[in-house]
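Written below as structure tokens is the structure these notes are about.
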Amino acid sequence: MTYDITRIRNFGIVAHVDAGKTTLSERILLYTGRIRRLGEVHEGQATLDHRAAEKEKGITITAATVRCRWKDHDLHLVDTPGHVDFTVEVARSLRVLDGVVVVLDGVAGVEPQTENVWAQADRHALPRLLFVNKLDRPGARFERACREAEATFGVPVLPLALPLPEAGGEGVAGLVDVVEERALVWRDAEGSELAIEPVPGALREATRAARERLAEAVADVDEVFLEAWLEGDVSPDLFRRAIRRATLLRRIVPALGGSAYRNRGVQPLLDAVVAYLPSPEDRGAIVSLDGATRRPPTDAAPLAALAFKVVHDRYGALTFVRVYAGVLREGQRVWCSREGRELRVGRLVRLFADRREPLEAARAGEIAGLVGGELRTGDTLADPAHPLTLEALAELEPAVERAIRPAKAKDGDALGKALRRLLVEDPSLRVREDAETGELLLAGMGELHLEIAARHLEEDHAVRVSLGRPKVAYRETVQRSVEHEVKLKKQTGGPGQYAHVVVRLGPAASGAGLLFENRTTQGVIPKELVPAIEKGLREGMASGPLGFPLVDLEVALLGGSFHPNDSHDRDFQRVAATAVAEACREAGPVLLEPWVDLEVSVPSDALGDLLGDLARRRARVVGMEAEGERTRVAAEAPLAELFGYAGELAGLSHGRGQHAHRPRAYEPVPEALVAAALRAA
């Protein structure tokens, strides 16, 4: 097989849960020849949902990677989870991919997690395609889904193909190719026999209108196309090149549709992936974290690779690696950014869900697996003679916490070892020991996240555990600004300790973390001691007056003093931590709780009960939209009020309600509820 970086496509499939991502991925594997028989999600047989929990629940939990081939192009496909609890899997996948296929449910349209993954794709400037799925369902509307996506995300969403309804009006018989103005009609249930036919009369006007709008959009970014369009001499190849250019610039999002489950629309989507999503070469050079080094995506460049995922299974550790520049080979010596030293590369493998295929080398632009070793998510692997550090993943803050204990007392040591491995696999998990009770606490993104973590401990690490009741991961901030002074002075004739700081501490904007400013002048405190002060401030934020981590503080160092012989980094670090603790007590601590954006869909006759239930949960309704015989309600709600919500929603909607939520922000706990929250924490 000839290696050509321009013919590589690293792309992910992302969506809200149950939009059909994995069903679509399964069809891609079939039509590219990677599997011979389809495995259905609802039967627990999907190739990419290979974990026991995924088969049982019918959802994707871990991002699965597979390489396949379509029309002389190599595709690295990543099928990502759609459930908000597993956002870390989406985040680390999008960090290393070059493009995205966003899947929408043709009935539901844009859903909460769709907005979340779209925002993540924006952060990495990823070009994308839109695939409107489930067009065989009653109430599905391709045009409506495209309009909603365009209105929500503020970018032109332009159909490349229009769905051709079956004779009865429901289902998808084929697609009308907007660029070439022709109909593609499937002749068999398996979706493998395609016939090319003229555009039906009923769709000719819509096809012309869609083609005109597409041409106007791409003409803005391609002068050659504009000139040819004005002269009435546009070839399909020229049109496609212009669409590609506009897509790579993220000026448009091309849209297609179909029904993955009914085997409709998959081949045109694959053609669009090849035609319009970027190659690694299109994405350009990778830039180091400090911005000082650029590495072009070529074999000849010094090695630059990023470890973006680590898993442990019955075979041991496996690290997923994206190679940006150079070549990663078995046995070579590489520099590891976190370790700050050289490591030897072990066995390399090609990834295919839970299967591994031998690989001698991974070249620029490729994704591979590295067996063994002690790498972690975010580690950079580089040429020892040309070290650099790449940007790692942004940290995700957990929202739910539960006590965790081994089912057998004798497994305490084994649990500790297994948890250390689990934290390497999933950076969005946290473990801490409760200072008062001595309990071990596991924190994650949601209830399901922690339940699945417990299953991983048993299935992959042979440690069975039990989880306590869910607890909210509260935070603290302060109400007002105060000035505070702390002095440490121990001078007894021998080596002494001296540190003195004056700070102003107050609230900062939500999500700010710590905003620190040094306002001292004229060497009141030597500048080499200031980093120790900032470090001490961050240490002091680990636990506030109410017993929870402090967030969103603005601290200014106003003054202080030092001793030329007795002042040391550790002394200023210590007094800074003390200053935070004491000043926060004076500044009026405020208890914060996580809120979420909540979206609920129920039959319209259950709407009254739903609204009453939301009011009881302290939720704020921000919008409602009728969808046939159902109503979709958008709300904001405190996470503490949503534990066990799925079961209660099923009760008030007779099993026909659906809901989803995603993290929003931290907000103050109402004063009347603070005492109860502290008792429950």
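Because the structure is predicted, anything quoted here is derived from the model rather than measured. What you see below is based on every heavy atom in this structure, not just the backbone, and it leaves out hydrogens, waters and symmetry mates.
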Could you check whether atom CZ of R329 has more than 12 heavy atoms from other residues, nucleotides or ligands sitting under 6.0 Å from it? no

R241/D222 ion pair, N-O < 4.0 Å: no

Checking the side chain of R27 only, and the main-chain atoms of A260 only, is there a donor and an acceptor separated by less than 3.5 Å? yes

Step-by-step side chain to side chain contact (heavy atoms under 4.5 Å, CB included) determination, V273 to W70: CA-CA 10 Å; V273 166; W70 180 255; over 6 Å; no

Evaluate the salt bridge (charged side-chain N to carboxylate O under 4.0 Å, His left out) criterion for residues R92 and E425: first the C-alpha distance (whole Å), next the side-chain angles of each, then the deciding distance (0.1 Å), finally the verdict. CA-CA 11 Å; R92 57 186 172 188; E425 294 181 20; over 6 Å; no

Answer yes or no: does atom CD of E528 have more than 12 heavy-atom neighbours from other residues, nucleotides or ligands under 6.0 Å? yes

Heavy-atom distance under 4.5 Å between the side chains of W335 and L343, does that happen here? no

For the atom pair CG (L269) and CG (L24), what is the distance rounded to the nearest 0.5 Å? 6.0 Å

What donor-acceptor contacts under 3.5 angstrom involve side-chain atoms of residues 413-424, with partners at least two apart or in another chain?
none

Can you find a side-chain donor-acceptor pair between D426 and H449 that sits under 3.5 Å? yes

I'd like to know whether CZ of R347 has more than 12 heavy-atom contacts from other residues, nucleotides or ligands below 6.0 angstrom. no

For V465 and R455, run side chain to side chain contact (heavy atoms under 4.5 Å, CB included): C-alpha distance rounded to whole Å, both residues' side-chain angles, the deciding distance at 0.1 Å, then the answer. CA-CA 8 Å; V465 299; R455 289 193 61 160; over 6 Å; no

Does some side-chain heavy atom of V253 sit less than 4.5 Å from a side-chain heavy atom of T247? no

Ring geometry between F320 and F308 (parallel below 30°, tilted from 30 to 60°, perpendicular above 60°): perpendicular

Counting only N and O atoms by type, is there a donor-acceptor contact under 3.5 Å from the side chain of R9 to the main-chain atoms of T6? yes

Without swapping roles, check the side chain of E366 against the backbone of R363 for a donor-acceptor pair under 3.5 Å. yes

Residues R432, E401; criterion salt bridge (charged side-chain N to carboxylate O under 4.0 Å, His left out); working and verdict: CA-CA 10 Å; R432 71 178 181 91; E401 194 171 56; 2.9 Å; yes

Validate the cation-pi geometry between R128 and W118: distance from NZ or CZ to the six-membered ring centre under 6.0 Å, angle to the ring axis within 45°. yes

Side chains of L370 and L348: does their closest heavy-atom pair fall under 4.5 Å? yes

For R7, what residues pass the side chain to side chain contact (heavy atoms under 4.5 Å, CB included) criterion, not counting sequence neighbours? D4, D72, H73

With side chain to side chain contact (heavy atoms under 4.5 Å, CB included) as the criterion, how do L442 and R430 come out once you've worked through the C-alpha distance, each side chain's angles and the decisive distance to 0.1 Å? CA-CA 6 Å; L442 180 65; R430 303 283 193 280; over 6 Å; no

Side-chain (T32) to main-chain (I28) donor-acceptor, under 3.5 angstrom: yes

Is R240 atom CZ crowded by more than 12 heavy atoms from other residues, nucleotides or ligands, each under 6.0 Å away? yes

Is R322 positioned over the aromatic face of Y324, cation under 6.0 angstrom from the ring centre and no more than 45 degrees off axis? yes

R662 vs E115, test: salt bridge (charged side-chain N to carboxylate O under 4.0 Å, His left out). Steps then yes/no. CA-CA 10 Å; R662 60 191 175 100; E115 297 183 45; 3.1 Å; yes

Just checking E534: does its CD atom have more than 12 heavy atoms from other residues, nucleotides or ligands closer to it than 6.0 angstrom? yes

Hey, is the main chain of N133 close enough, under 3.5 Å, to the side chain of D105 for a donor-acceptor pair? no

